[in-house]
Amino acid sequence: MKINVTLPDGTVRSYEQGVTAMDVARSISEGLARNVLSAKVNGEVRDANRPLPGDCSIQLLTWNDPEGKATLWHSSAHLMAEAIEALYPGTKFGIGPPIENGFYYDIDLGGRVIGDGDFKAIEDKMKELAAHKEVYVRREVPKAEAIKYFTEKGDEYKLELIDGLEDGTISFYTQGNFTDLCRGPHLPDTSFIKAIKIMSVAGAYWRGDEKRKQLTRLYGITFPKQKELDEYLALLEEAKKRDHRRLGRELDLFTFSEKVGAGLPLWLPKGTALRERLVNFLKKAQEKGGYEQVVTPHIAQKALYVTSGHYEKYGKDSFQPIHTPDPTEEFFLKPMNCPHHCEIYKSRPHSYKDLPVRYAEFGTVYRYEQSGELHGLTRVRGFTQDDAHLFCTPDQVKAEFMKVIDLVLMVFRALEFTDYEAQVSLRDKEDRSKYIGSDANWAKAEAAIMEAAAEKGLKTVVEYGEAAFYGPKLDFMVKDALGRRWQLGTIQVDYNLPERFELEYVGADNLKHRPVMIHRAPFGSLERFVALLIEHTGGRFPLWLAPEQAIILPISEKFNEAAQGVARLLKDHDIRAVIDERNEKIGRKIRDAEMAKLPFMLVIGEKEAAAGTVAVRGHGQGDLGPMTPLQFKQLVEERIHAGLATL
RNA sequence: GCCUUUGUAGCUCAGAGGUAGAGCACUUCCUUGGUAAGGAAGAGGUCGCGGGUUCAAUUCCCGCCAAAGGCUCCA
C-alpha cells in the first residue's frame, strides 16, 4: 500500500504506508531532516515521527515557522519538568505551554521555595537530559488509565485536567523518565534543544483563579543554537534601553518620589512640555470635530458614584472617602469623568437638534490600583485621561462612532504608532454579574461597535471579559519595548449610564427620549501614552513634540554671546532651542547633545559668527552644513510637515 | 493583594560583623579648543525605614516601604 503525500509546492510523492513526516524530510535531504521539528498534516500540527494518516498534504515545520518554535518550546517545557522531577522529587505539575517567547511550567513544589539561585542547577540538568537524546513517545490512553496513572502519582492538578477531557482524546507523552498528560505535538527527541535558559520564576494561580492555590511558574526559553540564545538575550538588553522608566530619567521627563507615593508620577519641565504639546494637538483636532471643552472637580460626593454604579463596583477597592467636619458628608476622588459629564448634560434640557453634544476634558482621575500592578507611567494611581463623552440619538451612534475611530487613527498616525491591534472588548461569557444594564442594551451597544468597526474596515480581534462594567469597548492595543500589550485608545458605547442618570432629550415628536453615550479617549491616558511613545521612539521624539528641538553649541566661550543672539532669533520663530555654554570642547558638547537625543545641534564659531550662520548637525545624521537661522527655521518646518503629511 | 528578586553618592555598580569605595554626573581652577568624552583638585552617603540578635549591624534575623519580573485585577 502506498500513500500520496502533497508538499507545499504542489508536488506529490508516493511513500509506503506508515511513513512519517521525518521520513519524508529525510527523503528530500538529510539537512532538512535535521531541522524538522514537527509537521503540519492536513492543516493540523503533529509529531514529525508520527506515521502519516494516509494520503495527505504536509508542511514540514522548522525553527523558521511559528508552529515549529512552539513545538520546540513545548517539548522544552516537558524537558524542564523532567529536570525538576529529577531534582525535586514529589513535585506536582500543572500546565506547561509554549508562549510567545519560550515556555513555562506551573508546578507545586510542596512548600519548597525556588529562587533564581536554583536556575543553574535546573539548566544543567536539562542540558544533561537533552544530550541523552531522549525520544518523545506518544501514547493514546483510555481515560480510566490516565486517571489511574496520576492517582498513583498523586498529582491532583493533572487529575483535574483529565476530568475535563473526553475519553478517547487523551494522550501521554514520555521522554526519559517523565510522562505527561499532553495533546502534543512534540519534537522527535530532546537533542534538538541545544541552548537553554531559565528566565524567571513567578507565582501563578492555578487555572488563573486567585482564590485557588498559587503555583510556582518557571519561565524558560530554548533555542536550536547557542548563538540564537545569545542574540535573544542581547535583544532583551537592547529593549531595556528603550524602557520608558529609564529614558524618563535620562531625558528628564518625569520622576517618582516615595514620599509623594507609589504610582503618583511627578512630571518634570521637559516631560510637561511634551505632554502639553500632545494635549494641544488633540484639543485642536477636537475643536474641528465639534467638541467642547469642560472642566470638572477632582472630587465629588459619594452619591454621584452610587448613581453611576462605580461605588458599588469599586467603592471598596478605591481611595477611601474624604471626610469633612460634617460627619454626614463623604467625598470621593474621581475615578472617572463620565459621571461629572452626565451631570453637565443634565444641567439643562436638550433638543434632538442639539445632538450630538460632545464634552471633552483632560480630566485627572485617581484609582487605587493594586500595589503589584503599578508600573512606571503605564499603570499609575493618578493620571489624566483625554476623555470625552458624546451624547447622541440612537440613530447617530454609528456615524459618531466612526468619526471617533477616524480621530483615534489620526492620532496614532501622527505619533507613528503603526503597530496596534484593534480589540473588541466584550462581556465575560459566563459571569454576567460583573456588569450593569440589560442584555438588550448590551446587544445594541455591541452591534454598534461591530458595525462601525466593520464599516471602517478595521481589522479587529474579539476578547471576552474585557468590557467595562457599563458597556463594551473598542480598544486600541499597543505593545511596549518588552512586548507587553497595553490599552491606549478606547471607544465605548454606553446605553446604561444615560439610564442611571436619567438623561433625556426632546425628540421631533415632542416626547422625551434617552440619549446614547459614547465614551472615548484616543490617547487613553497621557501617562500611558507618553510611556509607549517613549518606548516606540526610543526617546527620539517627532520634531514637533521634542521638548528641545535644537541646542546651540558655541565653539568656545567667546561665542556664547553670538549663540544667545541666535537663540533669541529662533525663539521669535517658535523654535525651541537651548545653549550649551559650558566650558567644554565642541566634541564634548556634540557628544552630550547626541546622547540627549536632541534633534539638531547648531555649532557657532568664528566663521559662523562672522557670516551670521550656524553649522547644523542632525541627530544621528552628522553635519548638514552651514545655514542662516532663518534657513534653519525652514528646515525645521519642512521636517515637521513631512512628518505630519500623512494625516 | 500574591509569588520570586532587589534596595550602598544624582546615575551605574563594587564591598565587608569592627561606623564605606569606583566610574560618570556635580563644584572650583587650568585650558578657549571646529563635529561623539581636554587636565587637575574638591565636595557629596543616618548603606530604603523601624525593630531584634551582638561588645559591635550598613552587613545576620523580623516587620514595613519602594522598585523589578510574573500572577490576579484594571471604571
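Chain A is the first sequence line, chain B the second, and so forth, proteins listed ahead of strands; every chain is numbered from 1.
- A ring-centre distance under 6.0 Å is found for A:His519 and A:Tyr470.
- Each of A:Ser200 and A:Lys589 was assigned the nucleotide of RNA chain B with the nearest heavy atom; the assignment lying further toward the 5' end belongs to A:Lys589.
- Taking atom P in both B:rU59 and B:rU53, the straight-line distance is 14 Å, to the nearest Å.
- No donor-acceptor contact under 3.5 angstrom links the side chains of A:Asp317 and A:Gln370, judged on distance only.
- For RNA chain B, the neighbouring residues in residues 554-566 of chain A, judged by any heavy atom under 4.0 Å, are A:Ile555, A:Ser556, A:Glu557, A:Lys558.
- Between the CZ atom of A:Arg249 and the C1' atom of B:rC24 there is a distance of 14 Å, given to the nearest Å.
- For the ring pair (Phe, Tyr, Trp, His ring centres under 6.0 Å) test with A:Phe332, the passing option among A:Tyr368, A:Phe319, A:Tyr311 is A:Tyr311; the others fail.
- Summarising the geometry, the separation between CG on A:Asp209 and C1' on B:rC2 is reported as 13 Å, rounded to the nearest angstrom.
- Of all the residues in residues 612-620 of chain A, A:Ala615, A:Arg617 reach under 4.0 Å from RNA chain B with at least one non-hydrogen atom.
- B:rC71 atom P lies 16 Å from atom CD of A:Glu369, rounded to whole Å.
- In this model, a donor atom of one side chain and an acceptor atom of the other lie less than 3.5 Å apart for A:Thr296 and A:Glu361.
- For the residue pair A:Gln487 / A:Glu466, no side-chain donor-acceptor distance below 3.5 Å is found, with atom types taken as modelled.
- Pairing of B:rA40, defined by two Watson-Crick or G-U wobble distances under 3.5 Å, is identified with B:rU28.
- The nearest whole Å value for the distance from the CD1 atom in A:Ile586 to the C1' atom in B:rA36 is 11 Å.
- Side chains of A:Pro97 and A:His74 form no contact here, defined as non-hydrogen atoms less than 4.5 Å apart.
- Checking A:Arg582 against A:Gly465, the closest nucleotide of RNA chain B that is more toward the 5' end is the one next to A:Arg582.
- A salt bridge links A:Glu160 with A:Arg212: at least one charged nitrogen is closer than 4.0 Å to a carboxylate oxygen.
- Side chain A:Gln214 to base B:rC3: no donor-acceptor pair is found below 3.5 Å.
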